[in-house]
Amino acid sequence: MGRVTQRTKVTVVDVSGDRPTSRSRTDTVTVEEPLELRVGGTPLTVTMRTPGHDIELVHGFLLTEGIIRDAADVSLARYCEGAVVSGESGFEENTYNVIDVTLAPGVAQPAAELARNFFTSSSCGVCGKASIEQLRARTQWPVRDDATSWPAAVITAMPERMRSEQRSFDKTGGLHAAGLFGPGGELLAVREDVGRHNAVDKVLGWALLSGRLPATGCVLMVSGRASFELTQKALMGGVPCLAAVSAPSSLAVETASDAGMTLLGFVRGATLNVYSRGDRLRFP
């Protein structure tokens, strides 16, 4: 497995005084490497990710793209042997950057045209209405009737609780995080990644493999903004509430409202903004 962080030399420039100064030191940076996903030996997509929890990542990705609906839909997920030929040794070496998934009998293989053209992409060329209609048709766990409610103070405490588990962020300051919280506000899982969508896929992959889907009564907290992509991933996991430290996009708001999902933004300190289904929040 590749490293999550690595050390590198950096020059620190200080212009606070009358004359700029500089000094050299060693810094810790986030590792970013490609992960190629193959299904039945056929390349499906490549994502840039931080190594770690890769099996969860591919399960979460396949789930949120509607390719699988249950953990049993995957017979095997394994790293490919001899992914590249080393320039130094001349022999094949496993980079742990290629995973091949074997789907269970009876599970349809992804259509060839899906490769690198998933409906979550902002460049897919469909309008907001078409995106929402496509998502509605593929979501297997509607969240509109989820009757769970949460004290607002429990929600506002979630970013700090998630932050306390971001061990790699403490070293680098360069990772997104996603956390899944249970109906009582308990933290179930936290995952970090250089890509916010990968962090969400890792968390939902964990939930899938742990038998926690649909995520009834749960809150998905993300460390950045709430985009349409993250909203649709939460809905594909049956999550009734998406909370973000930063702002949502207009399509995220429209999607959440259409689905009956609670969407919260700017969850910072003691405040939050409610964009849809605020009736699920409780106040003293």
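Since the structure is predicted, the reported quantities are computational estimates derived from the model, not experimental observations.
Considering only heavy atoms from C-beta on, W141 stays 4.5 Å or farther from T216 through its side chain. Side chains of L264 and L281 form a contact here, defined as non-hydrogen atoms less than 4.5 Å apart. The shortest side-chain heavy-atom distance between W206 and R212 falls under the 4.5 Å cut-off. Side-chain contact between L103 and P110 is present, with at least one heavy-atom pair separated by less than 4.5 Å. Looking only at side-chain heavy atoms (C-beta outward), Q109 and V39 come within less than 4.5 Å of each other. Using a 4.5 Å cut-off on side-chain heavy atoms (C-beta onward), V239 and V143 make no contact. Side-chain atoms of E33 and L35, non-hydrogen and from C-beta on, never get closer than 4.5 Å to each other. Taking the side chain as every heavy atom from C-beta outward, V200 and L220 approach each other to under 4.5 Å.
Residues that satisfy the salt bridge (Lys or Arg N to Asp or Glu O under 4.0 Å) test with R25, not counting sequence neighbours, are D27.
Smallest separation of non-hydrogen atoms from A189 and V203: O-CG2, 4.4 Å. In this structure, R161 and F181 approach most closely via the heavy-atom pair CG-CE2, 3.9 Å. Between D54 and I99 the shortest heavy-atom distance is CB-CD1, 3.6 Å. Between T231 and A252, the shortest heavy-atom distance links the atoms OG1-CB, 3.4 Å. A234 and M261 make their closest contact through CB-CE, 3.6 Å (heavy atoms, listed as atom of the first residue, atom of the second, distance). Residue C218 comes nearest to L180 through the heavy atom pair CB-CD1, 3.8 Å, listed as atom of the first residue, atom of the second, then distance.
Annotation: salt bridge (Lys or Arg N to Asp or Glu O under 4.0 Å) contacts involving residues 258-273, sequence neighbours excluded, comprise R136-D258.
Transitive grouping of hydrophobic side chains (ILVMFWY, heavy atoms separated by less than 4.5 Å) keeps V219 and L230 in distinct clusters. Put simply, L272 and Y275 are part of two different groups of oily side chains (I, L, V, M, F, W, Y) that touch within less than 4.5 Å, one to the next. Clustering ILVMFWY residues whenever any of their side-chain heavy atoms sit less than 4.5 angstrom apart, transitively, puts V245 in a cluster other than the one holding F266. Residues M221 and L213 are members of separate hydrophobic clusters, defined by side-chain heavy-atom contacts under 4.5 angstrom among Ile, Leu, Val, Met, Phe, Trp and Tyr. In this structure, V190 is not a member of the same hydrophobic cluster as L242, with clusters built from ILVMFWY side-chain heavy atoms closer than 4.5 Å.
Taking CD of E192 as the reference point, atom CE of M162 lies at 9.0 Å (rounded to 0.5 Å). Note that the OG1 atom of T156 and the CH2 atom of W150 stand 14.0 Å from one another [nearest 0.5 Å]. A distance of 9.5 Å separates CG of D70 from NE2 of H59, quoted to the nearest 0.5 Å. Once rounded to the nearest 0.5 Å, the distance linking OG1 of T255 with CD of Q232 reads 9.0 Å. With values rounded to the nearest 0.5 angstrom, E32 atom CD is found 9.0 Å from T47 atom OG1. The OG1 atom of T102 lies 13.0 Å from the CG atom of D73; values are rounded to the nearest 0.5 Å.
The backbone N or O of A177 sits less than 3.5 Å from a side-chain atom of S223, completing a donor-acceptor pair. A donor-acceptor contact shorter than 3.5 Å links the side chain of K202 to the backbone of G52. In this structure, the side chain of D146 engages the main chain of G217 through a donor-acceptor pair within 3.5 Å. A distance-only check finds no donor-acceptor pair linking the side chain of E229 to the backbone of H197 [under 3.5 Å]. A donor-acceptor pair is defined here as one N or O able to donate and one able to accept, closer than 3.5 Å; no such pair exists between the side chain of D14 and the backbone of T21.
Side-chain N/O atoms of S149 and R282 include a donor and acceptor closer than 3.5 Å. Donor-acceptor pairing under 3.5 Å is lacking for the side chains of N198 and T50.
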Original post:
When you look at L208 and L62, which way does the side-chain contact (heavy atoms from CB on, under 4.5 Å) test go after all the steps?
Top reply: CA-CA 11 Å; L208 177 69; L62 293 173; over 6 Å; no
**OP:** Kindly indicate, with the supporting measurements, whether the criterion side-chain contact (heavy atoms from CB on, under 4.5 Å) is fulfilled by N97 and E36.
**Re:** CA-CA 6 Å; N97 284 336; E36 179 181 334; over 6 Å; no
Original post:
Between R280 and C241, does a side-chain contact (heavy atoms from CB on, under 4.5 Å) hold up when you go through it step by step?
Top reply: CA-CA 9 Å; R280 290 194 175 106; C241 178; 5.8 Å; no
Subject >> Verdict with supporting geometry, L37 and V101, side-chain contact (heavy atoms from CB on, under 4.5 Å) >> reply: CA-CA 8 Å; L37 172 58; V101 170; 3.7 Å; yes
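Between D279 and R277 there is a salt bridge, with a side-chain nitrogen of the basic residue lying less than 4.0 Å from a carboxylate oxygen of the acidic one.
Under a 4.5 Å side-chain heavy-atom criterion applied to ILVMFWY residues, the cluster that includes V13 comprises V15 as well.
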